Amino acid sequence: MTESGEQLKNDKLISEISRIEAEVFNDAWSEKSLRETFSYEYNHFLVIDGYGKLYKSVENAEKPVSGYIIYSLVCDEAELLRIAVTKELRGRGFGKKLMSAFVEELRGKAESIFLEVRAGNAPAIGLYEGTGFEKVGTRRNYYASPVEDAILMKKNLTKRETV
């Protein structure tokens with residue numbers, strides 16, 4: 001379900017992710033930033049279309065990309081870099097489906113997954129806790145626009161655990 005930056009040669013994907021970035025984030029990554037991110041083989045992604053189907057390429061998607069996860073995997077540690085679902089499809093389980101697929105994709109490849117989330121982003125914190133992440137720390141004044149703390153979260157992966 002994932003594709004490395006080395007394999008990523010898909011302008012349509014970059015465009016789709018960039019479109020969602022601009023819709024969802026105050027600090028949206030530009031197409032240039034996305035291309036740079038995916039130029040490193042340790043960065044990966046998952047995308048979901050409007051029907052809730054997961055893909056590693058938008059070429060086979062039946063509808064435009066409606067959400068994505070961007071993550072890095074270095075040795076036995078993964079970090080969730082970005083997750084987004086279009087505003088019109090929030091609350092329909094797309095984020096949970098992406099997170100579940102993300103965790104399953106990393107099972108056997110990583111021992112742990114880390115992420116940072118705005119302290120005031122209760123829906124995201126609920127999503128992460130619902131997929132087994134635990135709060136492990138705080139970074140004071142980590143985010144700008146507005147200034148806000150980051151909650152550090154971690155999930156340990158084991159073979160017997162289910163999402």
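We use all heavy atoms of the structure for the numbers below, so side chains are in, but hydrogens, waters and symmetry mates are not. None of the values given here were measured: they were computed from a predicted structure.
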Joint hydrophobic cluster, [X] plus [Y], side-chain heavy atoms closer than 4.5 Å:
X    : Y    : result
Y128 : F114 : no
Y142 : M153 : no
V136 : I113 : no

[X] and [Y]: which non-hydrogen atoms are nearest, and at how many Å?
X    : Y    : answer
I83  : L127 : CD1-CD2, 4.2 Å
S145 : N26  : O-ND2, 3.4 Å
R118 : P146 : NH1-O, 3.0 Å
A150 : Y143 : CB-CE1, 3.5 Å
Y71  : F102 : CG-CE1, 3.3 Å
F94  : Y51  : CZ-C, 4.4 Å

Quick one: pull up [atom1] in [X] and [atom2] in [Y] and give me the separation to the nearest 0.5 Å.
X    : Y    : atom1 : atom2 : value
E111 : D76  : CD    : CG    : 4.0 Å
Y68  : I20  : OH    : CD1   : 6.0 Å
R82  : L34  : CZ    : CG    : 8.5 Å
K135 : I125 : NZ    : CD1   : 5.0 Å
E134 : E129 : CD    : CD    : 9.0 Å
I69  : E105 : CD1   : CD    : 10.5 Å

Counting only N and O atoms by type, is there a donor-acceptor contact under 3.5 Å from the side chain of [X] to the main-chain atoms of [Y]?
X    : Y    : value
R19  : V65  : yes
K154 : S112 : no
D149 : N141 : yes
R139 : L152 : no
N43  : T37  : yes
E21  : W29  : yes
S18  : S15  : no

Going through the distances and angles, do M99 and L80 end up as a side chain to side chain contact (heavy atoms under 4.5 Å, CB included)?
-> CA-CA 10 Å; M99 284 300 294; L80 176 65; 4.1 Å; yes
Just wondering, are more than 12 heavy atoms of other shown residues or ligands nearer than 6.0 Å to CD in E23?
-> yes
Steps toward side chain to side chain contact (heavy atoms under 4.5 Å, CB included) verdict (V47, E16) | CA-CA 10 Å; V47 296; E16 292 281 316; over 6 Å; no
Does E31 come within less than 4.0 Å of R35, counting only side-chain N to carboxylate O?
-> yes
Test side chain to side chain contact (heavy atoms under 4.5 Å, CB included) on I151 and N121 and set out the steps.
-> CA-CA 10 Å; I151 303 294; N121 191 344; over 6 Å; no
Taking C-beta and beyond as the side chain, do V24 and R90 meet within less than 4.5 Å on heavy atoms?
-> yes
Got F38 and I14 here, is their nearest side-chain heavy-atom distance under 4.5 Å?
-> yes
